[in-house]
Amino acid sequence: VEWQADRSSIAFDVDISAAYGRILPELGAAVRDAVAEHVARMTGLDVRSVDVTVTDVVRRGEPER
């Protein structure tokens with residue numbers, strides 16, 4: 001996770017691993033929405049953006065790299 005913040009807002013870049021078979025656009029949207037909601041609630045800052053990048057796809061039982 002990387003972020004950029006100023007006095008009233010924050011932006012995030014998030015890298016994730018996805019389980020094989022997940023629909024990646026739906027997963028990315030769910031992660032983006034969850035991060036934005038939780039950060040806004042915890043900090044009171046306006047979340048400008050959450051950019052999600054899938055960096056790996058993992059099959060069940062396969063160790064993450």
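We count residues from 1, following the sequence as given.
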To the nearest 0.5 angstrom, please state how far the CD atom of Glu37 sits from the CE atom of Met42. 11.0 Å
Flag the pair Val58 / Tyr20 as yes when at least one side-chain heavy-atom distance between them is below 4.5 Å, and no otherwise. no
Is the closest side-chain heavy-atom distance between Val52 and Ile16 below 4.5 Å? yes
Quick one: does Asp46's side chain have a donor or acceptor within less than 3.5 Å of a partner on Arg48's backbone? no
Presence of salt bridge, Glu26 and Arg22, under 4.0 angstrom: no
Would a distance-only check, ignoring hydrogens and angles, find a side-chain to backbone donor-acceptor pair under 3.5 Å from Thr43 to Leu45? yes
Of the non-hydrogen atoms in Val54 and Ala18, which two are nearest, and what is the gap between them? CG1-CB, 4.0 Å
Does Arg7 have any salt bridge (charged side-chain N to carboxylate O under 4.0 Å, His left out) partners at least two apart in sequence or in another chain, and if so, which? none
Please report the C-alpha distance between Ile10 and Val39 in whole Å, then the side-chain angles of each, then the deciding distance to 0.1 Å, and finally whether the side chain to side chain contact (heavy atoms under 4.5 Å, CB included) criterion is met. CA-CA 9 Å; Ile10 192 163; Val39 169; 4.0 Å; yes
Is Ser8 close to Asp6 at the side-chain level, that is, under 4.5 Å between some pair of heavy atoms? yes
Residue pair Ala36 / Val47: nearest heavy atoms and the distance that separates them: O-CG2, 3.6 Å
Is the backbone of Ala11 close enough, under 3.5 Å, to the side chain of Ser49 for a donor and an acceptor to pair up by distance? no
Got Val1 and Asp13 here, is their nearest side-chain heavy-atom distance under 4.5 Å? no
Could you tell me the separation between the CG atom of Asp33 and the NE2 atom of His38, rounded to the nearest 0.5 Å? 11.5 Å
